[in-house]
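Report on the structure given below.
Since the model is a prediction, treat every value here as computed from it, not as a measurement.
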2 protein chains.
Amino acid sequence: MDVATRLRDEGYRMTPQRQLVWDVLRQADSHLTAEEIHDRVTERVADVNLASIYRTLALLDDLDLVKEVRLGDDRGRWELAHPDDTFHLVCRDCGQVTHHEGDLVEQVRAHLLGGHGFAAEEVDLVVHGLCERCR
Amino acid sequence: MDVATRLRDEGYRMTPQRQLVWDVLRQADSHLTAEEIHDRVTERVADVNLASIYRTLALLDDLDLVKEVRLGDDRGRWELAHPDDTFHLVCRDCGQVTHHEGDLVEQVRAHLLGGHGFAAEEVDLVVHGLCERCR
DNA sequence: GTATATGCAAAGTCTTTGCATCGTT
DNA sequence: AACGATGCAAAGACTTTGCATATAC
């Protein structure tokens with residue numbers, strides 16, 4: 001189901017602004033701040049208000065279509081929602097942010113539940129270091 | 001070595017304000033925001049300026065005596081620096097924040113290096129969920 | 001046509017900074 | 001006495017909100 005349909009199903013409207021934010025995020029090579037999204041949207045069409053970008057992101061977040069991540073620079077960054085979305089490797093050299101693939105999150109959950117009785121719900125792992133290429 | 005000595009060794013001065021911030025953090029039961037530290041300091045003596053709290057925290061951070069953590073509520077929280085300081089379990093029921101004990105961070109490092117060639121430097125793991133008592 | 005979304009500007013929250021004064025060394 | 005630290009108020013960065021206007025349905 002596409003976003004337009006999803007929005008309408010939930011009682012919201014599809015607008016050019018929302019479509020643009022969504023398109024930018026889908027084509028993004030990295031995790032973008034609201035302002036970066038704003039810049040990219042504005043490159044394509046006449047200015048869209050920053051407040052509308054924030055409102056759109058909040059809405060898409062509510063619908064679990066996008067997710068905000070904090071990678072340590074204290075600004076919100078946004079990406080499409082997906083299963084591994086809370087697990088980020090940030091290279092301090094090239095700046096690239098990769099999503100972790102694999103079962104590490106499951107390992108962490110099992111470890112915490114078994115060893116500490118802690119029932120993990122949201123696991124947010126951000127690792128800064130050097131990626132394979134930059135080492 | 002105590003903080004006063006450490007400060008002076010690095011060319012800084014010990015002041016009542018700095019001592020108070022340090023004392024509050026040592027006695028803290030949880031991870032405090034700058035404002036919470038300010039409140040606790042102010043309970044003990046006449047008002048200390050919030051800006052001085054921030055400046056003191058920045059200084060102690062530089063000296064690796066305290067550390068800022070982001071636990072998801074988007075405000076900086078502060079704790080004494082210690083080996084496991086980047087690994088936090090936050091209970092969504094009682095709000096308690098516990099530090100993880102054990103070798104999980106090492107496991108994560110090994111996993112990332114072995115499977116992905118990623119050399120982890122700083123590992124920040126924040127897990128929200130239910131602690132043993134609240135389950 | 002009606003209710004929702006946008007633009008604009010103002011306000012809000014947390015944090016930092018400039019500058020005169022105060023206090024530690 | 002000298003230089004670093006504090007208090008105060010103002011500014012900064014990022015994000016949210018109120019309200020009139022525009023627009024999707």
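- Mapping A:P16 and B:T33 onto DNA chain C by nearest heavy atom places A:P16 at the nucleotide closer to the 5' end.
- Rounded to the nearest 0.5 Å, atoms CD (B:E121) and CZ (A:R92) are 4.0 Å apart.
- Residue side chain A:R55 reaches the base of C:dG7 through a donor-acceptor N/O pair under 3.5 Å, judged by distance alone.
- Contact annotation for A:R13: base contact, defined as any heavy-atom pair under 4.0 Å involving a base atom.
- For B:T15 and D:dT6, the shortest distance from a side-chain N or O to OP1 or OP2 is below 4.0 Å.
- Within 4.0 Å (heavy atoms only), B:G11 reaches no atom of the nucleic acid at all.
- Within the 3.5 Å criterion, the main-chain N or O of A:G72 finds no donor-acceptor partner in the side chain of B:R70.
- For A:N49, the side-chain atoms get nearest to C:dG7 when compared with the rest of C:dT24, C:dT6, C:dG7.
- Of the candidate nucleotides D:dT23, C:dA9, D:dT6, C:dA9 has the atom lying nearest to any side-chain atom of A:A51.
- Between B:E35 and B:M14, the residue anchored closer to the 5' end of DNA chain C is B:E35, taking for each the nucleotide with the nearest heavy atom.
- What separates CD of B:Q19 from C1' of D:dA5 is a distance of 15 Å, to the nearest Å.
- Scored by the salt bridge (Lys or Arg N to Asp or Glu O under 4.0 Å) test, B:R40 finds B:D29 as partners (sequence neighbours excluded).
- A close approach under 4.0 Å does occur between a side-chain nitrogen or oxygen of A:Q17 and OP1 or OP2 of C:dG7.
- If you measure from atom CG of A:L20 to atom P of C:dG7, you get 10 Å, rounded to the nearest angstrom.
- Looking at heavy-atom distances under 4.0 Å, A:R18 makes contact with sugar-phosphate atoms alone, never a base.
- Note on B:D23 versus B:R26: salt bridge recorded, some NZ/NE/NH1/NH2 to OD/OE distance being below 4.0 Å.
- Atoms CG (A:L57) and P (D:dT17) sit 14 Å apart, rounded to a whole Å.
- B:R8 comes within contact range of the sugar-phosphate backbone alone, with a heavy-atom separation under 4.0 Å but no base atom that close.
- Distance from the side chain of B:E68 is smallest to C:dT15 among C:dT15, D:dC14, D:dT15.
- The side chain of B:S52 lies closest to D:dG7 when the candidates are D:dG7, C:dT24, C:dT6.
- As rounded to whole Å, 19 Å separates atom P of C:dG23 from atom CG of B:L7.
- The NE2 atom of A:H31 lies 11.5 Å from the CD atom of A:E36; values are rounded to the nearest 0.5 Å.
- Atom CG of A:D74 and atom C1' of C:dT13 are 14 Å apart (whole Å).
- In this structure, a donor-acceptor pair under 3.5 Å is absent between the side chains of B:H38 and B:N49.
- Atom P of nucleotide D:dT6 and atom CG of B:L50 are separated by 13 Å, given to the nearest angstrom.
- The distance between atom CD of A:E10 and atom P of D:dA24, rounded to the nearest whole Å, is 20 Å.
- For the pair B:Y54 OH and D:dC8 C1', the interatomic distance rounds to 16 Å; values are reported in whole Å.
- Taking every side-chain heavy atom of B:R70 into account, C:dT15 is the closest of C:dC8, C:dT24, C:dT15.
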